[in-house]
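See below for the structure under consideration.
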Amino acid sequence: MTDMLTDTLQEEFIKILREELVPAMGCTEPIALAYAAAKGREVLGCEPEGIIAKCSGNMIKNVRCVTIPNSGGLTGIETACILGSVAGDAAAGMEVLEKVDDAGRMRTRKLLQKGGCSVEFLDSEIPLHFIIGLWGGGHEVEVEVRHTHTNIVSIVKDGQAVYTREQEQADKGYATDRQALSLDTIKAFADEVELSRIRDIFERQIRYNMDIAYEGISGDYGLGIGRVIRESYADGIVTRMKAYAAAASEARMGGCDMPVIINSGSGNQGIASSVPVIIYAREKNIPTEKLYRALAFSGLLTIYQKEFIGKLSAFCGAVSASCASAAAITYMTGGTIAQIKATIDNTLANIPGIICDGAKISCAAKIASSLDASMMAHYLAMENKEYEAYTGILKEDAGETISCVGYIGKVGMHQTDKEIIKMMLG
């Protein structure tokens, strides 16, 4: 690798950031269902008389326990599909439910009471996979989504395909090329990119994700974990990082209608990869320009890790995002590439075993625990202390460790995922 990143690679990395760091309201799995249902209603041309949602196990797992934004406190796959179809705006993407009004909520409740949506298990090897069928006015529409939350691969009306996505994008779920991502290229990009090209991305990320963090701390969501952490632990920078990141997560899992900037399809990963870095920079009076570069580093490192794991699995995404946050803090505070890699290795030597048992308010606690571990890894790395290669699953290079952990999350924990889903569904 050369010391400088080519303009072409810089442009590609910016496209990756713009593709992944997008706003979403609420937990992304129910929002994905609402989006597909809203798109289906557009094609159907009228409000549906009935809906069937065929969902993979991971989709069922991640929708089961979270409150749907703008629903009036409702939960579940049926709510997400009906609300999206009767009151959603597909043009708004992952903010599809932003403009839902009282009339839409009332129509949703009526359809729910009539059993207007049924749910079926979709036995698929693709973790993020669902098919929404709608019928009404003498017509039927079917919308299929695979791999990523808004990756509609086909729309069929009355048995005729009206939309089919190009095969390569249908199979992977995104348009950008991720093959050039590595720790070295991510650092080179963060070092070299002209800030004017990415400033708007991170201005929005800071605004959205910190707004919901403040809302989570002051509002009444879940257990109020952010306030408990802040009031019960010794005051300090790590306590505040954990408190605000956890509070932001708890708010969005608890139905707050404020959007967050997501990462790799996840609001919790978007929060965990940004809020701690922002808090740290503000506490230490780090210049804004350096913060933007650190957020670019953290965002791309999260995406890089998730490339090996996949969008949904039994591996908790808070681990990957918190690892990226701490590595970005090492970067932001002048750490060497060796110390950045040590931060990653030290984190992944500790907490690669946290399972994902669905989206819910306790995800906030997993973010707090993951940040505690990753910041311990950062402090060790800054003292030039690192667990040796081949200690457990650690490899010679941090990039190899990331791919190894990804393999465990995607392949090794595949059966674990099935058992978790089976247990949750009783």
Side-chain angles (χ1 to χ4, degrees), residues 14 16-32 34-35 66-70 89 91-100 148-150 195 197-219 221-222 226 240-283 286 288-289 291-303 306 317-318 321-322 324-325 328 359 361 363-364 367 371:
I14 292 168
I16 293 169
L17 287 169
R18 292 196 183 279
E19 190 172 58
E20 293 284 11
L21 272 57
V22 296
M25 279 179 63
C27 178
T28 48
E29 279 70 53
I31 293 300
Y35 167 74
V66 291
T67 304
I68 315 299
N70 272 343
D89 176 13
M94 294 296 281
E95 294 180 282
V96 58
L97 301 180
E98 182 182 17
K99 296 177 181 176
V100 172
T148 61
H149 296 77
T150 57
L195 287 178
R197 302 174 73 189
I198 60 170
R199 189 184 306 275
D200 64 307
I201 300 173
F202 297 109
E203 283 179 345
R204 183 176 68 171
Q205 184 184 54
I206 291 167
R207 185 170 70 253
Y208 281 33
N209 291 3
M210 290 309 297
D211 279 354
I212 199 169
Y214 295 134
E215 172 65 19
I217 283 281
S218 60
Y221 300 97
R240 288 190 286 277
M241 288 162 62
K242 289 161 54 179
Y244 281 95
S249 168
E250 196 167 48
R252 68 178 290 272
M253 293 286 97
C256 176
D257 61 6
M258 297 172 70
V260 303
I261 301 301
I262 66 176
N263 185 306
S264 303
S266 163
N268 282 337
Q269 287 163 195
I271 288 164
S273 63
S274 63
V275 169
V277 183
I278 298 161
I279 294 288
Y280 190 97
R282 289 178 174 177
E283 293 279 337
I286 289 170
T288 304
E289 291 74 15
L291 170 59
Y292 290 157
R293 294 190 185 279
L295 288 171
F297 184 95
S298 183
L300 287 171
L301 181 54
T302 302
I303 294 162
K306 292 296 291 184
S322 298
S325 261
I361 59 169
C363 293
I367 288 175
L371 283 172

Test of understanding: with side-chain contact (heavy atoms from CB on, under 4.5 Å), list the residues that count as partners of [X], not counting sequence neighbours.
X: Ser322; result: Ala272, Ser370, Leu371, Ser374
X: Arg204; result: Pro23, Arg207, Tyr208, Ile261
X: Glu19; result: Tyr174, Ala175, Thr176, Arg178
X: Ala359; result: Cys27, Asn62, Val66, Met253

Practice problem: Could you pull out all residues at least two apart from Tyr221 that satisfy ring-ring contact (aromatic ring centres under 6.0 Å, His included)? | Solution: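 For Tyr221 there are no ring-ring contact (aromatic ring centres under 6.0 Å, His included) partners, ignoring immediate neighbours.
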
Self-check item: Phe202: ring-ring contact (aromatic ring centres under 6.0 Å, His included) partners, not counting sequence neighbours
Solution: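 With neighbours one apart ignored, the set is empty.
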
Please name the pair of heavy atoms, one in [X] and one in [Y], separated by the smallest distance, quoted to 0.1 Å.
X: Ala246; Y: Ile367; answer: N-CG2, 4.5 Å
X: Ile271; Y: Ser249; answer: CD1-N, 3.7 Å
X: Ser274; Y: Asn209; answer: OG-ND2, 3.0 Å
X: Glu20; Y: Gly265; answer: OE1-N, 3.9 Å

Self-check item: Working for side-chain contact (heavy atoms from CB on, under 4.5 Å), residues Tyr35 and His149
Solution: CA-CA 9 Å; Tyr35 167 74; His149 296 77; over 6 Å; no

Practice problem: Just grab all the salt bridge (charged side-chain N to carboxylate O under 4.0 Å, His left out) pairs involving residues 240-259, residues at least two apart or on different chains. | Solution: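 Applying salt bridge (charged side-chain N to carboxylate O under 4.0 Å, His left out) to every pair that reaches into residues 240-259, excluding sequence neighbours, yields Asp235-Arg240, Arg240-Glu283, Lys242-Asp372.
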
Self-check item: Non-neighbouring partners of Arg282 that pass salt bridge (charged side-chain N to carboxylate O under 4.0 Å, His left out), sequence neighbours left out
Solution: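 Residues passing salt bridge (charged side-chain N to carboxylate O under 4.0 Å, His left out) with Arg282: none at all.
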
Quiz prompt | With Arg197 via salt bridge (charged side-chain N to carboxylate O under 4.0 Å, His left out) - residues at least two apart | solution =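 Arg197 satisfies salt bridge (charged side-chain N to carboxylate O under 4.0 Å, His left out) with Glu11 once adjacent residues are dropped.
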
Side chains of residues 91-99: which donor-acceptor pairs under 3.5 Å do they make with residues two or more places apart or in other chains?
none

Self-check item: Under the side-chain hydrogen bond (donor to acceptor under 3.5 Å, both in side chains) test, residues paired with Ser325 that sit two or more places apart
Solution: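 Ser325 satisfies side-chain hydrogen bond (donor to acceptor under 3.5 Å, both in side chains) with no residue once adjacent residues are dropped.
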
Exercise. Compare all side-chain heavy atoms of Val275 with those of Met210 and state whether any distance is below 4.5 angstrom.
Key: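 Of all side-chain heavy-atom pairs linking Met210 with Val275, at least one is under 4.5 Å.
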
Quiz item: Taking C-beta and beyond as the side chain, do Pro69 and Ile31 meet within less than 4.5 Å on heavy atoms?
Solution: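 They are in side-chain contact.
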
Would you give the length of the straight line joining atom [atom1] of [X] to atom [atom2] of [Y], rounded to the nearest 0.5 angstrom?
X: Met25; Y: Ile262; atom1: CE; atom2: CD1; result: 13.5 Å
X: Ile303; Y: Leu21; atom1: CD1; atom2: CG; result: 6.0 Å
X: Ile16; Y: Ser264; atom1: CD1; atom2: OG; result: 10.5 Å
X: Ile206; Y: Leu291; atom1: CD1; atom2: CG; result: 4.5 Å
X: Leu195; Y: Ile201; atom1: CG; atom2: CD1; result: 11.0 Å
X: Ile278; Y: Tyr292; atom1: CD1; atom2: OH; result: 10.0 Å

Show the atom names and distances, to 0.1 Å, of all donor-acceptor pairs under 3.5 Å that link a side chain in residues 295-302 to residues at least two apart or in another chain.
from   : atom 1 : to     : atom 2 : distance (Å)
Ser298 : OG     : Ser273 : O      : 2.7
Thr302 : OG1    : Ser298 : O      : 2.9

Exercise. Examine distances only and state if a side-chain atom of Gln269 and a backbone atom of Asn263 form a donor-acceptor pair shorter than 3.5 Å.
Key: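 The answer is yes, because a donor-acceptor pair under 3.5 Å joins these two groups.
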
